[in-house]
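Beneath this line is the structure, given in structure tokens, with notes to follow.
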Protein chains: 2
Amino acid sequence: MDQNKIPQATAKRLPLYYRFLNNLNHQGKRRVSSKELSEAVKVDSATIRRDFSYFGALGKKGYGYNVEYLLGFFRKTLDQDEVTDVALIGVGNLGTAFLNYNFLKNNNIRIQMGFDADPAKVGTAISDVPIYHIDQLEEKMKGIEVAILTIPAEEADTVTEKLVSLGITGILNFTPARITVPDHIRVHHIDLAVELQALVYFLKHYPLKKGPVEE
Amino acid sequence: MDQNKIPQATAKRLPLYYRFLNNLNHQGKRRVSSKELSEAVKVDSATIRRDFSYFGALGKKGYGYNVEYLLGFFRKTLDQDEVTDVALIGVGNLGTAFLNYNFLKNNNIRIQMGFDADPAKVGTAISDVPIYHIDQLEEKMKGIEVAILTIPAEEADTVTEKLVSLGITGILNFTPARITVPDHIRVHHIDLAVELQALVYFLKHYPLKKGPVEE
DNA sequence: ATATAATTGTGAAATATATCACGACTTCTT
DNA sequence: AAGAAGTCGTGATATATTTCACAATTATAT
């Protein structure tokens with residue numbers, strides 16, 4: 001609750017920086033410049049320096065940044081020391097993709113349980129994550145504050161209401177529905193159809209000449 | 001190639017507007033105000049009016065917007081009259097989720113074929129989309145300009161190079177790798193781990209008091 | 001030891017996006 | 001028919017983000 005001055009655009013890039021620094025560290029690299037990092041993550045080097053500068057002077061002029069130090073700093077900043085538990089609602093293909101992704105390794109996020117309405121799935125486990133019936137939300141989900149929503153759009157509203165009443169604070173919504181929640185709950189939407197269509201639109205209307213435009 | 005003055009932020013919202021207008025139309029609604037639309041899509045009403053205004057005066061003062069007219073307008077603007085063909089590389093869980101999604105209905109985008117290295121998948125079809133072996137890219141993919149990348153990160157670079165040499169113009173990249181492409185090719189990244197971690201970061205550092213912040 | 005090259009951190013400027021607030025016009029109500 | 005209510009389109013303003021460009025500092029080469 002301290003770093004309220006950090007621009008949201010910067011905050012969104014932090015996980016990306018973190019992962020690439022991790023890669024570099026594993027490769028045994030000791031130092032890195034904003035220019036090198038820029039080429040790897042495709043973000044302008046001045047933007048990277050600016051981003052880092054919000055956290056103080058992390059680098060050294062003429063030298064660059066010490067990979068290990070930077071990594072340690074971001075680990076703290078991104079709360080990598082403390083595991084965040086998450087629930088996944090909707091064990092379809094998309095949901096299963098999430099379950100198979102090891103967020104614990106790079107992100108210190110653990111999907112603790114999954115929920116689905118399909119009796120064939122209830123009682124099983126995917127990548128060691130137990131699947132419960134959606135009706136068991138109330139009894140199982142105590143203490144979990146973040147949910148990933150990978151259910152059909154029609155069910156988004158009912159499930160959201162349930163989650164809200166159970167005290168959720170954040171939802172990552174993959175359904176095309178734009179859900180309505182009280183003011184204190186944060187929702188991030190990722191709409192696959194919109195992303196695809198936006199790409200197509202950009203291709204037709206914004207022909208590229210200069211560098212690739214990253215989203 | 002005409003509307004180069006439309007802000008990218010606006011362009012990204014167009015597919016969203018389009019889908020909701022479609023919903024309204026199916027519900028038999030004849031007119032809609034920027035205020036109503038705002039509540040549905042969770043975008044400020046002034047922003048919506050501003051967005052629409054880039055395309056000219058589409059509404060009527062004191063009345064709002066005619067749903068059918070607006071829809072027709074956007075259909076043209078979003079190239080909904082012309083089907084865009086897309087290839088999907090990587091038929092895992094995430095890839096399968098895409099294959100099962102009917103983009104043709106709302107977005108006039110058709111996934112024409114999928115590619116995978118798994119012999120068990122090659123030769124099958126998912127939602128009527130044929131799956132070919134990744135080695136058949138060259139022979140099968142003629143004329144397709146857009147690809148969805150849902151493969152493991154390690155394979156991202158090799159596959160990207162192949163796609164580039166085959167004349168791709170746009171890539172929707174779901175791998176955590178930040179791929180490198182020539183300047184004239186557009187890449188949009190969607191990084192699920194980054195999205196999740198960013199949500200968690202925001203929850204901890206930007207406690208909400210006012211309205212929910214939509215991404 | 002000195003000169004050269006590299007690189008940061010940041011003020012200032014540029015660009016992009018969102019929001020306010022109101023005149024003008026339309027529709028609705030009575 | 002007149003007044004009230006609703007709504008757009010947009011100039012102006014506010015906010016957010018990116019990029020330029022350079023002094024200051026450090027590292028490297030000779």
Side-chain angles (χ1 to χ4, degrees), chain A residues 3-14 16-17 21 24 29-67 69-70 73-74 189 198 202 205-206 210-215, chain B residues 3-14 16-17 21 24 29-67 69-70 73-74 198 202 205-206 209-215:
Chain A
Q3 292 133 329
N4 254 357
K5 316 95 181 227
I6 291 160
Q8 305 218 353
T10 297
K12 278 182 143 185
R13 284 187 290 264
L14 295 182
L16 189 64
Y17 296 146
L21 288 170
L24 291 177
K29 248 185 159 256
R30 298 303 208 80
R31 59 183 270 194
V32 66
S33 68
S34 60
K35 188 151 161 280
E36 286 174 280
L37 206 49
S38 167
E39 277 151 26
V41 301
K42 320 282 184 196
V43 170
D44 185 272
S45 68
T47 301
I48 292 179
R49 292 200 300 282
R50 175 78 63 194
D51 283 348
F52 287 2
S53 78
Y54 292 115
F55 299 98
L58 303 176
K60 230 193 235 175
K61 298 181 180 183
Y63 174 85
Y65 301 89
N66 179 292
V67 172
Y69 173 76
L70 208 52
F73 184 85
F74 279 129
H189 291 279
F202 279 117
H205 295 278
Y206 297 75
K210 294 194 290 183
V213 179
E214 308 285 326
E215 191 228 350
Chain B
Q3 291 133 331
N4 254 356
K5 316 94 181 224
I6 291 161
Q8 304 217 356
T10 296
K12 279 182 140 185
R13 284 187 290 264
L14 296 182
L16 190 64
Y17 297 147
L21 287 171
L24 291 177
K29 250 189 156 248
R30 298 301 209 83
R31 60 184 268 195
V32 65
S33 69
S34 61
K35 189 152 161 280
E36 286 174 280
L37 205 49
S38 168
E39 278 151 26
V41 300
K42 321 281 184 197
V43 170
D44 186 273
S45 68
T47 301
I48 293 179
R49 292 200 301 282
R50 174 78 63 195
D51 282 348
F52 287 3
S53 78
Y54 292 115
F55 299 98
L58 303 176
K60 230 192 234 175
K61 298 180 181 184
Y63 174 86
Y65 300 90
N66 179 291
V67 172
Y69 174 75
L70 207 52
F73 185 86
F74 279 129
F202 279 118
H205 295 279
Y206 298 75
K209 276 162 193 167
K210 295 195 289 182
V213 179
E214 308 286 326
E215 191 226 350

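Below, chain A is the first sequence line, B the second, and so on; all start at residue 1. Being a predicted model, the structure only gives us computed values, none of them experimental. Values below: every heavy atom of this structure, side chains too, minus hydrogens, waters and symmetry copies.
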| query | Between B:Asp51 (CG) and C:dT19 (P), how many Å, whole number? | reply | 11 Å

| message | Judged by each residue's nearest nucleotide on DNA chain D, which is more toward the 5′ side, A:Ala46 or A:Gly62? | response | A:Ala46

| said: Counting the atoms with a prime plus P, OP1 and OP2 as sugar-phosphate, which does A:Ser45 contact under 4.0 Å by heavy atoms, base, sugar-phosphate, or nothing? | reply: nothing

| said: If you compare every side-chain N and O of A:Tyr63 against the phosphate oxygens of D:dA24 (OP1, OP2), does one of them come in below 4.0 Å? | reply: no

| Within this structure, what is the NZ-to-C1' distance between B:Lys35 and D:dG6, rounded to whole angstrom? | 10 Å

| field | Below 4.0 Å: OP1/OP2 of D:dA27 and any side-chain N or O of A:Lys60 | value | yes

| note | To the nearest angstrom, the OH-P distance between A:Tyr54 and C:dT10 comes to 11 Å

| message | Heavy-atom nearest nucleotide on DNA chain C for A:Arg50 versus B:Arg49: which residue maps closer to 5'? | response | A:Arg50

| task | Can you tell me the distance, in whole Å, between the NZ atom of B:Lys61 and the C1' atom of C:dT26? | result | 10 Å

| said: Please classify the nucleic acid contact of A:Phe52 as base, sugar-phosphate, or nothing, using heavy-atom distances under 4.0 Å. | reply: nothing

| field | OP1 or OP2 of C:dT19 under 4.0 Å from side-chain N/O of B:Thr47 | value | yes

| query | Parallel, tilted or perpendicular: which fits the ring planes of A:Phe52 and A:Tyr17, with parallel below 30° and perpendicular above 60°? | reply | perpendicular

| note | When rounded to whole Å, the CG to C1' distance for the pair A:Asp44 and C:dT8 reads 14 Å

| query | Which nucleotide in the list D:dG9, C:dT7, C:dA18 gets nearest to the side chain of B:Tyr65? | reply | D:dG9

| message | Quick check for you: among D:dT7, C:dT8, C:dT17, whose closest atom lies nearest to any side-chain atom of B:Pro7? | response | C:dT17

| field | Atom pair CZ (B:Phe55) and OG1 (B:Thr10), whose distance is rounded to the nearest 0.5 Å | value | 7.0 Å

| message | Tell me the interatomic distance from B:Arg30, atom CZ, to C:dT26, atom P, rounded to whole angstroms. | response | 20 Å

| request: Over all heavy atoms of both residues, which pair between A:Arg31 and A:Glu36 is shortest? Give the atoms and the distance, please. | output: O-OE1, 4.3 Å

| Among C:dT17, D:dT10, C:dT7, which nucleotide sits nearest the side chain of B:Ser53? | D:dT10

| What is the distance, rounded to the nearest whole Å, between atom CD of B:Gln8 and atom P of C:dA18? | 12 Å

| request: Please name the pair of heavy atoms, one in A:Ser45 and one in A:Ser38, separated by the smallest distance, quoted to 0.1 Å. | output: N-OG, 3.6 Å

| message | Rounding to an integer number of Å, can you tell me how far A:Asn66 CG sits from C:dT8 P? | response | 13 Å

| request: Determine the contact category for B:Thr10: base if any of its heavy atoms lies under 4.0 Å from a base atom, sugar-phosphate if only primed atoms, P, OP1 or OP2 are that close, otherwise nothing. | output: nothing

| message | For B:Lys35, I'd like to know if atom NZ has over 12 heavy atoms of other residues, nucleotides or ligands within 6.0 Å. | response | no

| query | Can a side chain N or O of A:Arg31 be found less than 4.0 Å away from OP1 or OP2 on C:dT8? | reply | no

